[in-house]
Student: 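Here it is, the structure in full.
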Amino acid sequence: MDQIELIHSGQAQLDALLNDVPVSHLDPYVTEVLSDPYPHYAELRRLGPVVWMSRYGVYALPCFREVKDVLGDQATYCSSAGAGLSNFHTEKPWRHPSILLEVDPPEHDRTRQQMVRVLNPASVRALRPQFEAVATDMVRRFVDLGECDAVADLGAAYPTKVFGDAVGLRPDGRENLLPYGDMVFNGFGPVNDRFKASLAEAAAVPVWIADACKRESLTEGSLGRNLYAGVDRGEITEDEAALLVRSLLSAGLDTTVFTLSNAIVNFARHPKQWSRLREDPSLVRNAVEEVLRYDGTFHSFYRTTTRPVEIAGVAMDTSQKILALTASANRDAAQWPDADDFDITRRTNGQLGFGYGIHACVGQMLARLELEIVLTKLAAMADSIELTEAPTQHFNNTVRGYKRVPVRVKAR
Ligand code: OVM
């Protein structure tokens with residue numbers, strides 16, 4: 001740290017220095033780090049459970065225990081100041097805040113309840129036959145192609161079809177969904193060139209999204225349309241229903257697209273694990289969890305302190321942004337034996353890829369259903385999946401995935 005940085009650092013940075021808190025100058029959002037974040041996470045964990053990130057003026061939590069503790073205590077670590085780096089109490093959010101993710105109880109509980117009324121074990125179970133039928137056709141076609149792009153031909157195509165239908169979207173215009181997710185997930189990081197580019201490249205996208213969220217745009221009986229039943233019962237407003245549909249579209253598509261791409265890349269790189277899955281398809285549920293633990297999609301989010309607190313002996317002030325590195329916690333050797341091994345037979349209970357606590361992914365059963373079905377069909381139809389070229393990563397401030405995964409698939 002140089003003199004100038006010290007002078008401009010502010011009270012929190014001085015506190016960190018005076019209290020001997022480990023300091024990292026890492027920028028987690030640069031391409032070089034995003035291309036392989038795991039050695040950087042290991043270095044942060046080596047520094048300690050609480051690390052001052054000088055570049056952004058936040059404390060990072062790279063270890064399992066502290067991440068879980070913070071996500072489990074929404075009274076002390078709030079979401080209403082935003083789940084990203086930006087503090088909504090002092091900065092203007094780039095879009096209307098999510099009324100699900102970026103709120104605290106009691107507001108949160110009211111909107112979460114509305115979401116759970118339409119997205120629950122029974123409604124997810126009801127989607128299975130349709131999801132299976134689409135997967136049977138799509139995976140068959142994918143395997144028959146032999147050499148293809150596992151993103152365009154399966155990883156993106158499948159969720160765009162089944163999730164789009166489940167939410168109730170019209171078939172046209174769905175190409176707006178991934179660019180929108182890109183904005184949303186870049187928006188949890190800094191206002192860097194990556195975030196600005198995703199906003200600038202697609203100015204019409206939020207307009208399409210806003211229209212797609214309207215009652216009359218959604219098909220009868222769909223998850224999205226069913227959210228409007230809450231309006232008819234007088235429990236939420238029409239605008240709130242639209243914002244809840246927006247939450248489905250924000251968080252629900254690119255996450256499953258990227259997780260499918262990550263699953264295929266990791267199985268291609270670990271052929272023994274693919275053989276194990278083919279030999280014992282009952283491993284599929286645990287395999288999905290292991291993909292999310294080992295190389296998951298959502299890597300981090302923030303909380304903000306509501307009072308002065310101490311984490312692992314480090315004192316911090318009110319209104320302090322804290323970076324919860326869930327993807328690093330998922331590689332913490334104190335929690336996971338041989339944490340850096342991809343092993344679909346390991347005990348995966350408690351992996352944090354869907355978050356933890358009151359904001360844990362509300363669509364996680366739907367996501368698991370998509371992933372489970374596709375991997376099951378693929379394991380039944382494909383003997384092997386090989387990368388024919390290095391996959392092309394999709395860089396985003398918060399989510400990890402690929403935009404192109406050239407593969408050769410051998411049919412069974
Ligand atoms: C939302 C939202 C958007 C992105 C992610 C998320 C991880 C929620 O708009 O509610 O949860």
Side-chain angles (χ1 to χ4, degrees), residues 67 70-71 74 77-86 88 93-105 107-119 159 163 167 169 176-189 195 198-199 205-206 208-210 212-213 223-224 227 230 236 239-259 262 292 296-304 323-327 329-330 351-368 370-371 394 396-401:
V67 168
V70 162
L71 297 182
Q74 66 278 357
Y77 308 100
C78 77
S79 292
S80 55
L85 174 62
S86 166
F88 291 178
W94 74 275
R95 61 170 195 164
H96 188 296
S98 164
I99 60 172
L100 198 57
L101 179 73
E102 293 154 336
V103 289
D104 298 317
E107 293 78 12
H108 165 266
D109 304 348
R110 192 176 71 91
T111 49
R112 176 94 179 194
Q113 192 189 357
Q114 291 297 317
M115 193 60 108
V116 170
R117 263 186 100 128
V118 309
L119 189 56
F163 181 73
V167 172
L169 303 178
N176 286 288
L177 293 168
L178 289 179
Y180 188 64
D182 206 36
M183 293 175 188
V184 170
F185 285 103
N186 276 331
F188 293 123
F195 180 36
S198 61
L199 287 176
V205 166
W208 184 89
I209 293 289
C213 292
L223 300 177
L227 281 165
I236 47 169
D239 287 346
E240 286 174 326
L243 280 169
L244 288 174
V245 178
R246 195 194 69 171
S247 282
L248 290 175
L249 301 184
S250 301
L253 188 82
D254 60 352
T255 45
T256 47
V257 168
F258 291 144
T259 307
N262 295 350
L292 289 165
T297 297
F298 200 88
H299 272 229
S300 60
F301 35 41
Y302 289 81
R303 292 293 185 261
T304 310
L323 174 60
L325 286 166
T326 49
N330 276 341
Q351 67 82 15
L352 299 174
F354 287 121
Y356 178 75
I358 65 165
H359 291 282
C361 180
V362 71
Q364 58 184 283
M365 287 169 305
L366 184 50
R368 286 195 181 100
E370 292 179 44
L371 293 156
H394 175 88
N396 179 283
N397 286 336
T398 303
V399 285
R400 175 172 173 78

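Each ligand, and each atom within it, is numbered from 1 in the order the structure gives.
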Student: Do T259 and T297 pair up side chain to side chain, a donor and an acceptor below 3.5 Å, judged on atom types alone?
Tutor: yes
Student: Pick from D104, I358, V103: which one makes a side-chain contact (heavy atoms from CB on, under 4.5 Å) with S79?
Tutor: D104
Student: Working note: R368 + Q364, criterion side-chain hydrogen bond (donor to acceptor under 3.5 Å, both in side chains); need CA distance, chi angles, decisive distance, verdict.
Tutor: CA-CA 6 Å; R368 286 195 181 100; Q364 58 184 283; 3.0 Å; yes
Student: Which atoms of ligand 1 are found less than 4.0 Å from any heavy atom of V184?
Tutor: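 Contacts of ligand 1 toward V184, numbered from 1: 3 (C), 4 (C).
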Student: Are a donor atom and an acceptor atom from the side chains of D182 and S198 found within less than 3.5 Å of each other?
Tutor: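 Their side chains do not contain a donor-acceptor pair, so the 3.5 Å distance test is not met.
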Student: Check each heavy atom of F301 against ligand 1 and say whether those closer than 4.0 Å belong to the side chain, the backbone, both or neither.
Tutor: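 Neither part.
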Student: Could you give the distance from OG (S247) to CG (L227), rounded to the nearest 0.5 Å?
Tutor: 9.5 Å
Student: May I ask you to list the atoms of ligand 1 that are less than 4.0 angstrom from any heavy atom of S98?
Tutor: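 In order of numbering, the contacting atoms are 1 (C), 9 (O), 10 (O).
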Student: Looking only at protein heavy atoms, which one is nearest to atom 9 (O) of ligand 1, and how far off is it?
Tutor: R95 NH2, 2.8 Å
Student: Quick one: does ligand 1 sit under 4.0 Å from the side chain of H96, the backbone, both or neither, non-hydrogen atoms only?
Tutor: neither
Student: Please work out whether any backbone atom (N, CA, C, O) or any side-chain heavy atom from C-beta onward of F188 is under 4.0 Å from ligand 1, and answer side chain, backbone, both or neither.
Tutor: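 Just the side chain.
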Student: On the 0 to 90° scale, with breaks at 30° and 60°, tag the F185-F298 ring pair as parallel, tilted or perpendicular.
Tutor: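 Rings of F185 and F298: perpendicular, over 60°.
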Student: Nearest protein heavy-atom contact for atom 7 (C) of ligand 1: which residue, which atom, what distance?
Tutor: F298 CE1, 3.9 Å
Student: Taking only heavy atoms of S247 into account, list the atoms of ligand 1 that are under 4.0 Å away from them.
Tutor: 1 (C), 9 (O), 10 (O)
Student: Considering the heavy atoms of S250, write down every atom of ligand 1 situated less than 4.0 Å from one of them.
Tutor: 3 (C), 9 (O)
Student: Please list the nearest protein heavy atom to atom 8 (C) of ligand 1 with its residue and the distance rounded to 0.1 Å.
Tutor: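 Protein heavy atom with the smallest distance to atom 8 (C) of ligand 1: L101 CD2, 3.6 Å.
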Student: Side chains of R110 and Q114: is there a donor and an acceptor less than 3.5 Å apart?
Tutor: no
